[in-house]
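Okay, structure first, notes after.
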Amino acid sequence: FPVAPEAEDEGKTIALVETYLQNFYNLQKDDQPHVRLKSVNPLPEKLKEMQAFFGLKVTGKPDLDTLEIMKKPRCGVPDIRRYV
Amino acid sequence: FTEGNPKWKRNNLTYRILNYTPLMGQADVDEAIQKALSVWSNVTPLTFEKIEDKEADIMISFVVRDHKDNSPFDGPNGLLAHAFQPGEAIGGDVHLDNEEYWTKDGRGYNLFIVIAHELGHSLGLSHSTDPGALMYPTYAYTDPKEFHLPQDDIDGIQAIYGQSNAPVQPTGPTTPQACDPNLTFDAITTLRGEMMFFKGRYILRKHPQRTEAELNFISLFWPKLPSAIQAAYENIEKDEVLLFKEDKYWVLRGYDIAPGYPRSIYRLGFPKTIKRVNAAYSDETTGKTYFFIADRYWRYDENKRSMDHGYPRKIVSDFGKIGRVDAAFQKDGYVYFFHGTTQFQFDPRVKRIVRKMKSNSWFDC
């Protein structure tokens with residue numbers, strides 16, 4: 001049963017979300033941060049894709065339910081793209 | 001399905017176990033793998049032959065961290081395993097993270113469950129969005145003895161390889177949906193203000209302040225409990241929930257299974273002719289608990305810890321025409337009886353049924 005979550009370091013949360021979406025939802029690694037300023041941040045869209053897959057409330061934000069799923073042990077095969 | 005719909009061109013596939021985890025006996029690993037293969041061969045025309053000394057279609061190995069396939073493992077927990085879609089060389093292969101605590105039961109990660117999932121990928125299945133499916137991406141423990149391949153996985157694999165050669169086609173369990181008008185329940189109880197609806201391997205958990213019911217595996221909360229609980233009731237006074245299956249019962253104290261359980265239901269005073277309890281509820285005002293079995297009910301005194309005399313009585317004599325009871329619970333002074341997809345609201349003060357509803361009326365559908 002869930003207990004009140006401890007306040008988590010925001011940086012750690014963002015890193016968890018990014019790594020999860022890179023591993024399983026084909027979120028491209030942001031190697032060129034200066035380019036990112038001009039482009040649309042793909043993270044919320046990927047997050048929505050992940051939330052829809054797991055039947056969560058689709059918010060595009062890393063809410064508690066979303067983080068809970070991301071922390072569960074799982075299979076290493078991506079959920080949505082071809083595994084090669 | 002995996003993108004591009006890859007599949008094996010032959011139905012007779014080979015597998016090879018390259019190494020073993022030190023945490024389990026080799027015989028247990030072999031058994032887990034054979035059982036995982038039979039999960040898929042039971043529902044398709046596929047067969048699997050073990051080979052020892054040459055390249056097999058499906059190579060199974062325990063590896064750690066970077067193992068030269070561009071998909072490193074991450075140490076304990078997190079990623080447990082992965083597998084490759086049907087194809088030559090690495091295609092079909094299953095890699096298991098050897099830093100996980102692999103077990104043949106539910107103490108660590110159950111090897112059979114994980115390999116059965118990975119073999120789904122080896123055969124061409126992708127991840128399912130059905131939280132009850134074997135091919136759902138996150139790990140959930142099911143006792144291997146109680147495992148039945150869910151219908152979602154059967155439908156998927158049969159769409160690739162066709163039906164089994166068996167004369168009777170196997171079927172599997174489906175995941176309960178709160179708003180399914182045909183939904184029935186195995187057991188229902190309150191638990192510290194929440195409502196818990198038991199169905200097969202699942203609990204639908206309804207919090208009064210939340211509109212949506214949460215679906216979870218029973219094993220997620222209580223790994224030692226079996227699936228298909230048959231009756232449950234809350235004793236608010238003692239802050240306990242009793243859960244029944246066949247001739248055994250468990251006690252939840254708070255949210256945890258109390259030590260020393262399961263115990264025999266005969267300790268509660270049932271005669272040996274009783275093999276199971278269908279439903280139960282406890283009346284907090286009188287301290288009496290009612291047990292429903294077939295067309296009769298027993299009354300138990302929680303204070304005296306014994307069955308009251310004069311029971312069993314016929315359900316119809318005291319509760320009206322509610323038939324046999326699948327599940328029951330008391331809430332806000334009313335008792336709710338469930339029979340199939342029908343629910344009866346019973347008012348104990350006037351001793352009659354005051355309302356008839358669908359069984360899933362507690363969910364905002």
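Proteins get letters first, then strands, A, B, ... in listed order; numbering begins at 1 in each. These numbers come from a predicted model, not from an experiment.
Contact check for B/Trp8 versus B/Ile160: no side-chain heavy atoms found under the 4.5 Å cut-off.
Only the side chain of B/Tyr136 comes within less than 4.5 Å of a heavy atom of chain A; its backbone N, CA, C and O stay farther away. Heavy atoms of B/Pro137 lying under 4.5 Å from chain A belong to its backbone as well as its side chain. For chain A, no part of B/Glu212 is nearby; none of its heavy atoms comes within less than 4.5 Å.
Interface check for chain A: of the options B/Asp130, B/Leu79, B/Asn77, the most heavy-atom pairs under 4.5 Å are formed by B/Leu79. Heavy-atom pairs under 4.5 Å with chain A peak, among B/Met135, B/His127, B/Glu100, at B/His127.
In this structure, A/Lys46 forms no cation-pi arrangement with A/Tyr25, as its terminal cationic atom is not both closer than 6.0 Å to the ring centre and no more than 45° off the ring axis. Annotation: cation-pi geometry satisfied between A/Arg74 and A/Phe24 (NZ/CZ under 6.0 angstrom from ring centroid, within 45° of ring axis).
Nearest approach of B/Ser122 to B/Pro86, heavy atoms of both residues: O-CG, 3.2 Å.
Residues that satisfy the side-chain contact (heavy atoms from CB on, under 4.5 Å) test with B/Ser61, not counting sequence neighbours, are B/Leu18, B/Asn19, B/Val63, B/His95.
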